[in-house]
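First up is the structure itself, then whatever we jot down about it.
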Amino acid sequence: MITVFVPRDSAATSVGADEVASAIAAEAKKQKKDVKIVRNGSRGMLYLEPLVEVATDKGRVAYGPVSAKDVPELFKAGFLEGKSHKLGHGLTEEIPYFKTQERLTFARCGITDPLSVEDYIAHGGFAGLKKALELPPIAIVNQVTTSGLRGRGGAGFPTGIKWKTVHDLTADQKYVACNADEGDSGTFADRMLMEGDPFCLIEGMTIAAVAGGATEGYIYIRSEYPDAVNVMREAIEIARKANWLGKNIQGSKYSFDLFVRKGAGAYICGEETSMLESIEGKRGIVRYKPPIPAIEGLFGKPTIINNVMSFAAVPIILDKGGEFYRDYGVGRSRGTLAFQLAGNVKRGGLVEKAFGITTRQLLEDWGGGTATGRPARAIQVGGPLGAYLPESKFDVPMDYEEFVKVDAMVGHGGLVVFDDTVDMANQARFAMEFCAIESCGKCTPCRIGSTRGVEVIDRIVAGVEREKNLALLEDLCVTMADGSLCAMGGLTPFPVLSSLRGFPEDFHKPPANKFLADAAE
Amino acid sequence: MAKKAARPSNSPGEGASPIPSPAEVAALAVCARHGNKASELLEIFHDLQHQLGYVPEATLPVIARALNLSRAEVYGVQTFYHDFRRHPAGKHVVKICRAEACQSMGTDKLCSHAERSLKTPLGGTTADGMFTIEQVFCLGNCALSPAVMVDERLYGKVDAKRFDEIVAAYSKDAAE
C-alpha cells in the first residue's frame, strides 16, 4: 500500500486538486497499484498547488504543480516510488521555502488528515488540552500571559489579559467566540488552518473555555469559505463523538460545546462587537465600547473573543509552556506569525516565521519577487485597512511596535504585493470605496466620510483644485481616524494616507482628460 | 446551488392570502427546524435561500411571527447582509473577487471581460438565466489571484481564457 497525499484545501482544489486526486485513483486502478489517497491540508506552498506527495521510506516526496493530465506521466516516471520527474521537488521537508520556516501553529497542517482524530493525536494534538485539564484555570491564563501572545486578528491586544478579565468574573454563563470572518484581502491563514487542521482550533477554544469558565462557544466563519464551514462542522461532530467536546471532556469536570455560525457577506462582521451582534442573529452593527466584550459580550455575558490564529497558537503554548513560545520573536512581539504572501508574487503562500523578519526578506527570499517579473512598487500589509509600504520601507522588521513607528501595522501578517504598474491614487480611492460599501452605518465619519473620500480623490485625480482637495483629504482622514467608532472607519485613512505620502507622484499626474475633470466638477 | 422558486412572490397581497404560499410554508418549516430562535435568524435565511434561491419578501412576516420579532427587525437583517437575495438569481452565481490581491493580478480586466462575455454588468443575470455575476471582496485565495467562485466552488489563477472555459463547462453541463 502506497499513501499519496492530495490536498483538499480550497486553494489547491481551486487549481484542480480534485481532478488530480480522481486521475491518480483512476490510473492506480488501471495499473492495479494499491494506492491510498489521503486528502490532507495544504503545506502552504500555494505556488506549487496542487502539491502531490508520496510517502516513501525516506519521507514524503513532493510533486507540483500537478495537473490531471500529468498523472499518467508521473506514474510512468515511477512517482509512487518517489522517483524523479520534472515536477518533482524531492523531500517536502527539504524544500527551502518550507524548511526555513518556524512552524508552531501550522506544525501539523498539510501533514495529517484534517478529519482524523488519531492522526491529530499522533502528531502531538490534544497534548495542550490534556495538560490544561489538569491545571487550575488561572495557571492556564498565566501560561498564555507568559507566552506574550497577542491578538493575531490585527489589533495585537495581549491575549492573556483578555482571558484574565473573563476568568476573574463570576457569571451564570460565559462564552468563547472565535472570529473566523477573515475578510481581509491577502489573508488565508485562518481558512488554511480550519480546512487543514480543524482540531487545533477546537483544542485552542476548549483550552480558552476551561481557563475562562465558559461552557459554550461559537465559531463565526464567513460564508465565502464554504469548505471551511463544512470541515469545521464535521470536525466538531467528530470531536463530540470522541468526547473532546461535550459533557465532562475526557472524564474531567469541564464541559464545553461548540457551534459554527456562518456569516453572510458583511466585512464589518470581522469587527468583534459587530460579530457578536451577527452571532445573535442581528444586523452586524458595531457596539459602543465600553463595556468591553470580555465583560459584556455575547448575549450580554462575559466572552473570550479571539481570532482563529490566536486560539490555534494556544495548544502548543500549553503543551510546551509559555516560555517556549516567548523565546521566538523580538521586542514585545513574541512567538511566530503566519505571514501570507499574496497578490503579485511569484511564490505565493503561507510562511510561518518568528517576528522580526522584514518585508523584503519575505518578498525576495520566499516570494521570489513579483509574478509579472516587474519591480515591486508597493506592498500592502495587514489587509484593506493596512498601509501601503513603498520600497523604502521594505526593511522595517515585522514587529507590532516598529510598524506603528512608520505609520503602518503588522495586522494579521497578510502581504499583498503590487508591481510598478499600480496606480496608487486608484488604490487610495478603492480603500474609501470599500469602506463606503462595507460600513455598518452607525457612525457618521465612516458612513459619510468614506463616500466623501471617494469624491475628493476623484477630484484630485481629475485635477480639480488639486492642492485644496489634497488638504481636504488629509483633513477628512483625521476626522475618520479620530471620530470613527471602530477600526473600519478608523483605519481606512491608513491605506489612503500611506498612498498619498509614499507615492505622491500618482496624485499629481496630468488629468486624463478635460471631460472627466468637468464631470468631477 | 441557487434554485428557481416555485413561483414568483412579488404578486401584491400574497402575504395576506389565507392559504400560505409554498414559500411561506417553507419559511415556517425552516424556522421550526431552528427551534424558532431569533438568534438563528442568519442560519434561517441561509437555509431558506438554499431551498428557494432567494428570500421572498412574503416570507418575512411569517419569519417575524415565528421568531417573535418585528417585521422591521427581520427586514433589517435581511437587507444588511450582502448574501441574502431579495430576487431570484441565475442558475449559477459567479462571484469575481475585486479585492486588493486580485487587483494586483488584473481583476479589473477580468471583470470587464466577464461583463463583455456574459453580456451583463456585475450584479446582473444573463438573458438565458444561466449566470448571475457579482463582485465579492476576497475569497481567501489571495496567493492564486485572480479568484472566482461559481456557486460554492472556488477557482484560482483565472484569466480571461480560463474564465470562458469555466463558464463553458457549466453551460455544457446544463445542456446535457
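Residue numbering restarts at 1 for every chain, and letters A, B, ... go by the order of the sequence lines.
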For a quick test of reading the model, state the closest non-hydrogen atom pair linking B:Asn141 to B:Gly156 and the distance between them.
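Shortest heavy-atom separation between B:Asn141 and B:Gly156 comes out as ND2-CA, 3.4 Å.
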Of the listed residues (B:Gly140, B:Ala147, B:Ser145, B:Pro146), which shares the most heavy-atom pairs with chain A below a 4.5 Å separation?
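Highest number of pairs under 4.5 Å: B:Gly140.
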Between B:Arg98, B:Glu73, B:Arg162, B:Lys37, who has the most heavy-atom pairs with chain A when the cutoff is under 4.5 Å?
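Option with the top pair count is B:Arg98.
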What part of [X] is in contact with chain A, defined as an atom under 4.5 angstrom from a non-hydrogen atom: side chain, backbone, both or neither?
{"X": "B:Glu100", "result": "both"}
{"X": "B:Gln135", "result": "side chain"}
{"X": "B:Leu144", "result": "side chain"}

Residue [X] versus chain B: region with a heavy atom under 4.5 Å:
{"X": "A:Tyr388", "result": "side chain"}
{"X": "A:Thr372", "result": "neither"}
{"X": "A:Ile279", "result": "backbone"}
{"X": "A:Glu195", "result": "neither"}
{"X": "A:Asp419", "result": "neither"}
{"X": "A:Thr187", "result": "backbone"}
{"X": "A:Arg261", "result": "both"}
{"X": "A:Val260", "result": "backbone"}

Taking atom types as modelled, find out whether B:Thr120 and B:Glu115 have a side-chain donor-acceptor pair closer than 3.5 angstrom.
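No, no side-chain donor-acceptor contact under 3.5 Å.
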Over 60° means perpendicular and under 30° means parallel, so tell me whether A:Phe434 and A:Tyr267 are parallel, tilted or perpendicular.
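Because their plane-to-plane angle is over 60°, the rings of A:Phe434 and A:Tyr267 count as perpendicular.
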Evaluate the side-chain proximity of A:Gln380 to B:Gln103: yes if any heavy-atom separation is below 4.5 Å, no if none is.
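No, too far: nothing below the 4.5 Å cut-off.
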Is B:Val158 close to B:Leu110 at the side-chain level, that is, under 4.5 Å between some pair of heavy atoms?
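The answer is yes; the side chains approach within 4.5 Å.
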Counting only heavy atoms not in B:Asn68, do more than 12 fall under 6.0 Å of its CG?
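Result for CG/B:Asn68: open.
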Given A:Pro50, which partner from the list A:Val15, A:Asp9, A:Thr13 fulfils the side-chain contact (heavy atoms from CB on, under 4.5 Å) test?
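Only one option passes, and that is A:Val15.
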Using a strict threshold of under 4.0 Å (side-chain N to carboxylate O), is an ion pair present between A:Arg191 and A:Asp227?
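No, A:Asp227 and A:Arg191 are not salt-bridged.
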